[in-house]
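Everything numeric here is computed off the predicted structure, so don't read it as measured data.
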Amino acid sequence: MRTHRLATAAALSVATLLVPTACSSGGPADTNAVGARQQAAAARSAAAAAAAQAKSGDADLPGMPPLVDPKDVYAADRPNQMSPVVKGFPSRVYVPNTLSNTVTVIDPATYKVIDTIPVGNEPQHVVPSWDLKTLWVNNDLGNTLTPIDPATGKAGRTVDVHDPYNLYFTPDGKYAVVMASADHQLVFRDAHTMKTVKAIPSQCDGVNHADFSPDGRYFIVSCEFSGDLLKVDTAKMEIVDKQKIPFTGSMPQDVKISPDGKVWYVADMIANGVWELNGDTFSKPTLLPTGAGAHGLYVSRDSRYLYISNRGEGSISVLDFATGKLIHKWFIPGGGSPDMGGVSADGKVLWLSGRYNSVVYAMSTADGRLLARIPVGEGPHGLCVYPQPGRYSLGHTGVFR
């Protein structure tokens with residue numbers, strides 16, 4: 001593996017630099033001997049550290065960029081820590097309006113609508129590509145993807161993709177994974193051409209959201225209409241496990257892992273909370289009540305908090321990752337239907353679509369204060385704040401590593 005070779009080379013280079021030469025000058029012989037032993041010990045320590053790093057990298061999905069911090073999958077998402085790829089892109093909020101067949105474009109600096117882009121039938125989510133260069137609008141009933149150039153804000157020629165309710169990308173950047181909800185499939189496609197590579201039956205009803213393990217080797221998918229969770233082997237492109245959520249009528253939605261990768265959270269609109277489970281063992285989930293219609297899950301820029309949109313009651317719950325406890329609940333004045341969205345690049349604003357109110361909410365992450373309520377098209381859904389910090393995208397409305 002390339003990571004192993006680079007780490008080994010680095011260790012050998014350090015060792016070479018630290019070994020004393022026969023021509024070293026001056027000083028008593030015993031002093032030179034002590035210095036040599038210290039330098040040799042330092043070289044061994046450096047080699048051991050490099051070997052440990054290589055071993056950790058070898059556990060990852062081949063081709064996946066290693067995590068910036070193995071203890072925090074979101075370490076690359078710090079405030080304004082932009083990839084060079086996106087540094088020239090203007091800051092915008094892209095809102096797909098499922099009933100208007102448009103994407104509303106908002107300038108977050110002014111909270112003003114600056115453009116409306118016609119797209120295909122029933123756009124559900126706006127999804128950043130793995131390489132960060134394209135925004136894909138998922139025209140679910142139109143059976144197409146509309147590419148938007150985030151540098152210019154202009155839409156390109158549509159691409160035929162059947163039933164693209166939602167869209168993810170494997171951590172190695174090779175494949176797009178289409179959540180074909182109506183087709184009851186997970187469809188692996190070439191991440192650039194969108195040509196089908198492998199389609200697998202979902203074994204459930206309503207595949208919609210997902211997240212990937214820290215090593216990228218598996219991902220967990222929620223099934224909205226049958227109340228199931230799937231565990232999928234990324235490399236094999238196969239479902240390896242499945243379980244029913246232990247709640248009658250469960251409707252699981254968004255999926256997110258904790259910064260340390262130990263806890264998986266699954267929002268549930270009917271259970272009115274988030275389910276917590278161990279992804280490695282695929283354990284039976286336990287429920288943490290948050291509010292009516294729990295729907296979207298978003299991580300703060302400092303990896304400390306999880307923002308949970310409770311669509312049925314117009315509120316946002318805030319979970320502290322360190323304690324696993326809910327510490328705040330912010331209500332939208334006058335009520336609302338907060339759905340999907342994302343956090344601003346500086347981490348100060350949480351943007352959410354108002355699914356049944358034809359608006360977008362901008363909320364302060366400092367105190368939950370409503371900063372703006374912006375009219376958009378009908379049925380706003382999976383809005384995307386772009387650009388955001390991170391090296392590559394795993395899809396949805398912006399899951400970055």
Side-chain angles (χ1 to χ4, degrees), residues 59 61 70-74 166 168 171 177 179 181 184-186 200-299 303 305-312 317-327 329 394 396 399:
L61 178 73
K71 297 181 179 179
D72 183 358
V73 299
Y74 305 110
N166 209 347
Y168 288 84
V177 185
M179 299 294 162
S181 180
H184 298 86
Q185 290 182 330
L186 290 104
I200 59 175
S202 64
Q203 304 178 17
C204 69
D205 193 6
V207 288
N208 58 8
H209 299 96
D211 202 358
F212 288 83
S213 61
D215 62 10
R217 290 192 174 271
Y218 71 86
F219 56 103
I220 291 177
V221 179
S222 61
C223 301
E224 178 177 8
F225 302 125
S226 59
D228 293 304
L229 297 177
L230 309 176
K231 186 173 183 178
V232 184
D233 185 299
T234 309
K236 293 180 180 179
M237 296 184 273
E238 294 177 357
I239 296 171
V240 295
D241 210 344
K242 173 185 173 182
Q243 65 170 304
K244 180 79 67 178
I245 290 177
F247 191 94
T248 302
S250 168
M251 290 186 72
Q253 303 294 315
D254 207 0
V255 181
K256 283 290 186 301
I257 58 173
S258 61
D260 61 10
K262 295 180 179 179
V263 181
W264 292 69
Y265 299 91
V266 182
D268 192 323
M269 285 203 305
I270 300 302
N272 298 327
V274 294
W275 295 96
E276 302 175 338
L277 70 151
N278 182 307
D280 291 347
T281 63
F282 206 48
S283 63
K284 180 180 178 179
T286 58
L287 182 66
L288 175 67
T290 61
H295 199 84
L297 304 175
Y298 307 97
V299 178
S303 300
Y305 307 116
L306 181 67
Y307 306 118
I308 304 156
S309 63
N310 303 307
R311 191 173 78 182
S317 295
V318 183
L319 179 142
D320 185 320
F321 282 123
T323 65
K325 306 294 185 182
L326 298 174
I327 58 173
K329 181 177 276 192
L394 295 180
H396 190 35
V399 181

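Side-chain contact between P285 and V266 is absent, with no heavy atoms from C-beta onward closer than 4.5 Å. Taking the side chain as every heavy atom from C-beta outward, V221 and V255 never approach each other to under 4.5 Å. By the 4.5 Å heavy-atom criterion applied to side chains, F219 and D211 are not counted as neighbours. Counting heavy atoms from C-beta on, the side chains of W264 and E276 never come closer than 4.5 Å. By the 4.5 Å heavy-atom criterion applied to side chains, I270 and S250 are not counted as neighbours. In this structure, the side chains of E224 and S181 stay at 4.5 Å or more apart for every pair of heavy atoms. For the pair F282 and I220, the minimum side-chain heavy-atom distance is below 4.5 Å.
With 3.5 Å as the limit, one finds no donor-acceptor pair spanning the side chains of D254 and H295. Side chains of S222 and N208: a donor on one and an acceptor on the other come within 3.5 Å.
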(request) Begin from the C-alpha positions of D205 and C223 and carry the test side-chain contact (heavy atoms from CB on, under 4.5 Å) through to its verdict. (result) CA-CA 6 Å; D205 193 6; C223 301; 6.0 Å; no

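Taking all atoms of both residues into account, the shortest heavy-atom contact from Y265 to L306 is CG-CD2, 4.0 Å. The two residues S309 and G296 come nearest to each other via the heavy atoms OG-N, 2.8 Å. When all heavy atoms of P171 and T234 are compared, the pair lying nearest together is CD-CG2, 4.3 Å. Shortest non-hydrogen contact noted between S258 and F321 is CA-CE2, 3.9 Å. The two atoms that bring G324 and L319 nearest to each other are O-CD1, 4.2 Å, heavy atoms only. The minimum heavy-atom distance between T290 and G273, with the atom names listed, is OG1-CA, 3.3 Å.
A donor-acceptor pair under 3.5 Å is absent between the side-chain atoms of D268 and the main chain of V274, judged by distance alone. A donor-acceptor pair is defined here as one N or O able to donate and one able to accept, closer than 3.5 Å; no such pair exists between the side chain of Y74 and the backbone of V299. Under the 3.5 Å distance criterion, the side-chain polar atoms of S317 are left unmatched by any main-chain donor or acceptor of I308. K242 places a side-chain N or O within donor-acceptor distance of the main-chain N or O of Q203, the cut-off being under 3.5 Å. Between the side chain of Y218 and the main chain of D280, a donor-acceptor pair closer than 3.5 Å is present. Looking only at distances, no side-chain donor or acceptor of K256 sits under 3.5 Å from a matching main-chain atom of A267. Checked by atom type and distance alone, the side chain of N272 pairs as donor or acceptor with a backbone atom of G293 at under 3.5 Å. Between the side chain of K244 and the main chain of G227, no donor-acceptor pair closer than 3.5 Å is present. Side chain of R217 to main chain of A59: a donor-acceptor pair is present (N/O by atom type, distance under 3.5 Å, no hydrogens or angles).
For residues 244-299, the set of pairs meeting the disulfide bond (SG atoms under 2.5 Å apart) definition, not counting sequence neighbours, is empty.
Rounding to the nearest 0.5 Å gives a distance of 8.0 Å between OG1 of T286 and CG of L277. Taken to the nearest 0.5 Å, the CE atom of M269 stands 12.0 Å off from the CG atom of N310. Atom CG of D233 is separated from atom CD of E238 by 6.5 Å, given to the nearest 0.5 angstrom. Atom CG of L326 is separated from atom CG of L288 by 4.5 Å, given to the nearest 0.5 angstrom. In this structure, the separation between CG on L297 and NE2 on H209 is 9.0 Å, given to the nearest 0.5 Å. The OG atom of S283 sits 7.0 Å away from atom CD of Q243, with the distance rounded to the nearest 0.5 Å.
Here F247 pairs with nothing under the ring pair (Phe, Tyr, Trp, His ring centres under 6.0 Å) rule; sequence neighbours left out.
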